[in-house]
Amino acid sequence: MLTAVTVSLAVISVGSHAGWPVAIYTSWPMVTLWSLAAVASLALMLRRHIYKRPVVAALHLALIVILAGALLTHLTAEEERLHLRVNGGSVTATDDLSLRLPSAISLDSFRVDTYPGTGTPRDFVACISDAAGRSSVVSMNSPGHLAGYTFISESYDSDGGGITFSISRDPWGIGVTYAGYFMLGVSMLLYFFRRDSEWRRAVRKLSAAALMVLPLTGIAAETSAIAGELGLVTVYYNGRLCPMSALARDFTAGLTGGASSYRGQSADEVLAGFLFDFSRWKREEILRVDDSELRRILKCDGKHASYEAFFNAVASGRINLEDEASRRKYSKEIDRFEAVNMLVSGELLKIFPVEEAGEAIRWLGPTDRLPVEIDNERWLFIRKFLGLLNEQVQRGDRSMQKSLLEGLSRYQKKVTGDATPSRDRLEMERVYIAVASARWPWMAVTATGLILFVLTASGFGRPRCLRLAGVSVAGILLCGATAMTALRWIISGHVPMSNGYETMQFLAWILLLAAVLCRRIGILVPMGILGAGLAMGVSVLGGAGSSVTGLMPVLDSKLLSVHVAMVMSAYALFFLMSLTGLLGLCKKQEAARLATLNRAMLYPALMLLAAGIFTGAVWANVSWGRYWGWDPKEVWALITMLVYSLAAHPGLIPWFENPRKFNFFSAIAFICVIITYFGVNFILGGLHSYA
């Protein structure tokens with residue numbers, strides 16, 4: 001029955017991507033299937049006298065209670081949308097509600113908060129009240145509660161005078177579901193203290209085995225000079241204030257197709273070259289061209305073309321930027337061409353903060369439209385600054401260049417105050433960008449892990465020396481990964497677990513930590529190093545993901561950090577299980593011992609994944625007023641949990657008692673994790689595709 005549920009969820013998730021309605025997840029056939037699975041589970045518990053083992057019984061009952069809560073939500077919950085506007089202290093509802101609110105709701109006030117020194121929305125806060133005098137405050141990640149209803153802010157009017165709420169009421173489902181979460185959390189913790197649990201038996205076998213070593217045994221000089229100083233200029237980019245180096249890194253990586261340098265020249269030098277030595281740089285073959293037909297049009301020999309070649313093709317009509325078909329076909333190449341246009345025109349360089357009405361601050365480029373009320377002196381400074389700087393670069397007057405950049409820094413701080421980062425803070429981020437965007441570190445880590453893994457698995461060399469070398473490497477790498485994570489945390493201002501790059505870096509950190517902590521189990525050390533190198537490689541090859549960006553308001557939650565930490569820790573253990581399983585298939589004589597190691601990792605991994613899923617559900621309920629939305633990543637995380645839970649019941653499924661078969665399962669089941677993390681991100685999409 002559990003297999004039928006798992007297969008059905010997988011089929012529906014793919015069908016939903018093809019256009020099936022999400023309502024299929026809660027259709028009567030699926031509700032019936034879940035109900036039958038719950039009934040079958042209860043019957044099995046009674047037949048096998050599970051009630052004699054209270055902790056195991058409580059763990060399984062908790063899952064049934066969670067299902068019961070979901071059913072109650074499906075049957076009794078209500079949801080509607082309401083649009084309200086402030087109108088002299090009163091408000092009007094523009095939608096006819098099917099919900100019967102106990103009294104009229106009014107919007108007393110509404111405001112949009114921005115990040116310090118910018119105009120980027122950070123939060124929007126609404127104060128609502130009803131006719132009985134009760135009031136509530138609604139903001140991002142903090143729904144309001146009034147008259148038994150939950151109010152979640154969805155969007156606000158462009159004039160800032162109104163807001164649209166999602167109103168929901170779930171009188172029974174949430175309480176029952178939360179009770180199930182509590183039961184599950186307590187029973188999972190107690191499970192690891194049971195002496196007769198499958199996990200304790202595996203650990204006892206593993207401890208005996210661990211006492212033995214496993215027998216597996218070109219720019220102008222002036223432009224180069226200013227590039228360093230220009231990289232430390234504060235610019236508004238990616239919704240935050242950062243050094244120009246961050247913009248230069250993404251600009252260069254965008255042009256080259258991933259590399260953050262060009263022929264030995266840094267991203268800062270590339271940016272400065274296009275700004276101050278355009279006549280030369282427009283002829284550099286730096287723009288990546290993936291389409292073979294476009295390479296023929298541009299008459300380029302390799303996979304890169306110059307800006308000048310692209311410009312001439314556009315000017316002659318060989319590339320028509322107005323044609324939709326051409327823009328779709330050559331979208332990446334056109335984006336690269338237009339990125340250069342945006343840079344040299346100054347559109348990308350949001351380096352001038354300007355105060356607007358209501359004390360809001362906008363960061364503008366030198367060619368942006370300026371407020372009418374701006375004074376002449378400031379208008380001239382913004383319009384003429386880049387021209388003056390370019391003039392001093394051509395003259396080679398470095399003292400004047402420095403003076404102009406210092407004047408820009410003083411202007412920024414005068415307008416924004418402490419919101420503009422200090423020079424030390426900008427230098428710190430520039431160092432981080434240089435290290436984070438380099439490719440050689442992950443290549444070196446992967447190669448080291450692979451060499452150690454092959455030597456340890458083949459038994460070549462002295463096991464003690466290999467283990468000592470592996471632990472030393474893992475310890476050094478762990479310190480480095482910890483420093484980089486801490487540096488990104490300081491720079492971004494939030495726990496670095498909000499996107500794909502950050503979660504893969506965290507996965508690498510977890511694997512290195514596991515390698516150090518499990519150093520007595522020799523084979524896990526090279527596995528951890530190898531896995532960390534691969535995770536680092538995936539994150540770096542993702543391109544601009546290494547850029548530090550402002551945190552989306554909806555992700556600004558402490559529960560997010562707990563949720564991501566648990567899930568990624570589970571994925572790290574599943575990865576180690578897959579490598580161990582593959583090794584067990586290759587080393588038949590060690591299959592039983594490696595299967596025991598996998599069993600010892602299975603239960604903590606499964607518990608961490610379950611805790612991560614349900615922590616995410618609580619986060620979703622706190623932030624959005626609903627704890628489950630059948631998002632593709634939610635569905636596939638659930639599928640992964642169900643698949644691995646099959647192996648956690650060898651007493652029910654004797655197939656998993658065979659070490660070789662269990663190792664095969666450990667290796668092949670990791671496909672579910674790959675689909676959950678990568679397949680959903682790049683194919684199925686959804687709310688979690690940011691990761």
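Under a cut-off of 6.0 angstrom, the local environment of NZ in Lys332 is sparse, with at most 12 non-hydrogen atoms contributed by other residues, nucleotides or ligands.
Aromatic ring pairs are classed by plane angle as parallel below 30°, tilted from 30° to 60° and perpendicular above 60°; the pair Phe274 and Trp281 is tilted. A tilted orientation is assigned to the rings of Phe574 and Tyr571, their planes being inclined by 30° to 60°.
Judged as a salt bridge (charged side-chain N to carboxylate O under 4.0 Å, His left out), and not counting sequence neighbours, Arg318 has no contacts. Remark: Glu427 pairs with Arg430 by the salt bridge (charged side-chain N to carboxylate O under 4.0 Å, His left out) rule, at least two apart or across chains. For Glu406, there are no salt bridge (charged side-chain N to carboxylate O under 4.0 Å, His left out) partners at least two apart in sequence or on another chain. When the salt bridge (charged side-chain N to carboxylate O under 4.0 Å, His left out) test is applied to Arg283, no partner is found at least two apart in sequence or on another chain.
Sorted by first and then second residue, the side chain to side chain donor-acceptor pair (under 3.5 Å) pairs involving residues 375-386 (not counting sequence neighbours) form an empty list. Sorted by first and then second residue, the pairs that involve residues 314-351 and meet ring pair (Phe, Tyr, Trp, His ring centres under 6.0 Å), not counting sequence neighbours, are Tyr307-Phe337, Phe310-Phe337.
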For this session: List the steps and the verdict of salt bridge (charged side-chain N to carboxylate O under 4.0 Å, His left out) for Arg249 and Glu429.
Result: CA-CA 12 Å; Arg249 188 267 174 203; Glu429 182 166 350; over 6 Å; no

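Leu408 places none of its side-chain heavy atoms less than 4.5 Å from the side chain of Leu389.
Salt-bridge formation is not detected for the pair Glu333/Arg295: no Lys NZ or Arg NE/NH1/NH2 atom is positioned less than 4.0 Å from an Asp or Glu carboxylate oxygen. Arg336 has a carboxylate O that lies under 4.0 Å from a charged side-chain N of Asp290, or vice versa, which qualifies the two as a salt bridge. The residues Asp368 and Lys350 are annotated as salt-bridged, a charged nitrogen and a carboxylate oxygen being separated by less than 4.0 angstrom.
Distance check, rounded to the nearest 0.5 Å: CG of Leu287 to CG of Leu298 gives 9.0 Å. Residue Ile374 holds its CD1 atom at 8.0 Å from CG of Leu364, rounded to the nearest 0.5 Å.
Judged by distance alone, the side chain of Gln394 and the main-chain N or O of Phe276 form a donor-acceptor pair under 3.5 Å.
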